[in-house]
Protein chains: 2
Amino acid sequence: MYSVLLSHIQKFISLEPFEIEILESGLGITKIKKKQHVLQEGQICNTMYFITKGCFRQYIINNKGTEQTLQFGVESWWITDYLSFHNQTPSHFYIQAVENSEIIAIEKLFLESLLIQIPKLERYFRIVSQKTFGAAQMRIKFLFTMSAEERYRHFSNLNPEFVQRVPQYMLASYLDFSAEFMSKIRAGKV
Amino acid sequence: MYSVLLSHIQKFISLEPFEIEILESGLGITKIKKKQHVLQEGQICNTMYFITKGCFRQYIINNKGTEQTLQFGVESWWITDYLSFHNQTPSHFYIQAVENSEIIAIEKLFLESLLIQIPKLERYFRIVSQKTFGAAQMRIKFLFTMSAEERYRHFSNLNPEFVQRVPQYMLASYLDFSAEFMSKIRAGKV
DNA sequence: TAAAAAACTTGAACTGCTTCAAGAAATTTA
DNA sequence: TAAATTTCTTGAAGCAGTTCAAGTTTTTTA
């Protein structure tokens with residue numbers, strides 16, 4: 001469904017019919033099965049992914065061999081490793097589907113040509129990435145100031161439906177505490 | 001020195017003489033004394049700041065009354081609260097000069113007019129904010145995977161000169177540990 | 001340059017959360 | 001639907017880093 005992307009773009013800029021045409025003719029939807037990766041550590045990230053359906057996560061494997069989720073993405077979110085994408089350096093991250101999902105994958109080269117054909121898209125990506133960075137700043141604030149239990153309660157209040165959607169151990173690592181501690185928080189044994 | 005900003009912009013896009021003219025005629029340098037704030041918690045952030053000289057930090061005051069630095073900025077960095085700036089909501093942060101500094105302050109309204117006069121700037125801000133977000137992703141990775149001492153050693157190796165430039169207690173909070181623990185790390189008493 | 005303020009140090013007591021290990025429950029696969 | 005796999009739970013032991021309090025050193029201000 002391109003419409004998910006088109007309407008997201010048109011929240012921020014307005015597109016002419018010919019621009020919509022360019023986008024629709026160049027883009028394709030890819031289905032990604034649960035647990036499938038679109039990026040692995042060590043690879044150079046050449047693609048930005050727009051999620052039209054489902055859920056993804058960006059994670060790392062720490063030195064104890066445990067996965068730690070750094071970021072989730074759901075419908076209408078972009079997910080990529082921006083550092084690897086821009087600098088063409090090997091990625092530190094894995095990006096994986098948490099559910100059976102559908103994405104629009106845009107290669108770096110194709111994105112550059114799109115940005116030349118539709119310069120307005122620069123504005124779209126500028127606004128989206130500034131907002132995303134703003135959210136990352138708040139995330140760091142919460143990590144710094146709240147206890148594990150406060151982070152869980154705060155997140156659950158803001159995203160009650162999302163908490164049901166992903167395994168607890170993934171959410172625990174995203175909130176920066178252990179899966180076991182998550183269990184104890186939920187059981188009220190803290 | 002507008003040249004700091006102009007040459008930063010021209011790392012990413014090339015400007016025509018008339019565009020340089022527009023920028024130079026509209027921008028002004030402001031001196032900010034050490035410890036002076038350009039943003040306080042609760043204010044709506046209407047300005048983006050480009051640092052031409054000196055050093056700033058973004059911080060919060062936690063519920064114990066301690067300042068915690070979330071972000072530093074030095075020459076050629078932009079600093080602002082993007083969330084407050086975009087949504088016109090009260091800021092959660094303080095932004096303060098760590099040294100006597102000089103900035104180019106761009107108001108939201110003026111920025112919008114600049115972006116209309118020089119649409120190429122959308123591209124500049126798009127690239128800068130994507131890179132900044134990429135750096136934030138790495139920061140979260142380091143916070144998640146390294147011990148306090150590892151974070152200190154890693155940061156010191158990457159930024160040996162910067163470590164000399166700011167008080168240790170600010171750097172400690174940026175790396176998410178206490179000022180006392182910083183002292184012990186440095187003394188090798190850990 | 002003396003006084004005040006800011007920044008740094010140290011050790012002792014404490015604690016929020018992790019780690020480990022093992023079993024139970026839920027979900028997926030064949 | 002049985003087996004395999006994944007996810008969740010529980011308690012006990014441990015520890016990385018905090019908190020507190022007091023003193024010392026460095027920097028700033030008047």
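Chain letters run A, B, ... following the sequence lines, proteins first, then strands; residues in each count from 1.
Taking atom CE on A:Met170 and atom C1' on D:dT7, their separation rounds to 10 Å, with Å as the unit. Computed from coordinates, the A:Arg186 CZ to C:dA25 P distance equals 16 Å when rounded to whole Å. Here D:dA16 presents its P atom at 9 Å from NZ of A:Lys64, a figure rounded to the nearest Å. Atom CD in A:Glu67 sits about 9 Å away from atom P in D:dT7, given to the nearest Å. Atom-to-atom, CG of A:Asn63 to P of C:dT19 comes out at 10 Å; the value is rounded to the nearest Å. Between B:Met146 atom CE and D:dG17 atom P there is a gap of 13 Å when expressed in whole angstrom units. For the pair B:Tyr152 OH and D:dG17 C1', the interatomic distance rounds to 17 Å; values are reported in whole Å. For the pair B:Glu149 CD and D:dC15 C1', the computed distance is 15 Å after rounding to whole Å.
B:Phe181 comes within 4.0 angstrom of a base, heavy atoms only.
The minimum heavy-atom distance between B:Met146 and B:Arg151, with the atom names listed, is O-NH1, 2.7 Å.
Each of A:Arg151 and A:Glu180 was matched to the nucleotide of DNA chain C holding its nearest heavy atom; the match closer to the 5' end belongs to A:Arg151. The 5' end of DNA chain C is approached more closely, in terms of each residue's nearest nucleotide, by B:Lys34 than by the other of B:Lys34 and A:Ala148.
Listed nucleotides: D:dT19, C:dA7, C:dC8. Nearest to the side chain of B:Ser183: C:dC8. Closest to the side chain of A:Pro167, out of D:dT19, C:dC20, D:dC8, is D:dC8. Nearest nucleotide to the side chain of A:Lys35, out of C:dT9, D:dT6, C:dA7: D:dT6. Listed nucleotides C:dA7, C:dC17, C:dT10 differ in distance to A:Phe177; the shortest reach to its side chain belongs to C:dC17. Closest to the side chain of B:Gln168, from the set C:dT18, C:dT9, D:dC8, is C:dT9.
A cation-pi contact, defined as under 6.0 Å to the ring centre and within 45° of the axis, is absent between A:Lys131 and B:Tyr82. Both cation-pi conditions hold for A:Arg139 and A:Tyr174: the charged atom is under 6.0 angstrom from the six-membered ring centre and inside a 45 degree cone around its axis.
Within 3.5 Å, a donor on the side chain of A:Lys184 pairs with an acceptor on the base of D:dG11, or the reverse.
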Under the ring-ring contact (aromatic ring centres under 6.0 Å, His included) criterion, do A:Trp77 and A:Phe56 qualify, and how do the steps go? CA-CA 9 Å; A:Trp77 280 73; A:Phe56 284 75; over 10 Å; no
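When atom types are taken as modelled, the side chain of B:Gln88 and the backbone of B:Phe85 share a donor-acceptor pair closer than 3.5 angstrom.
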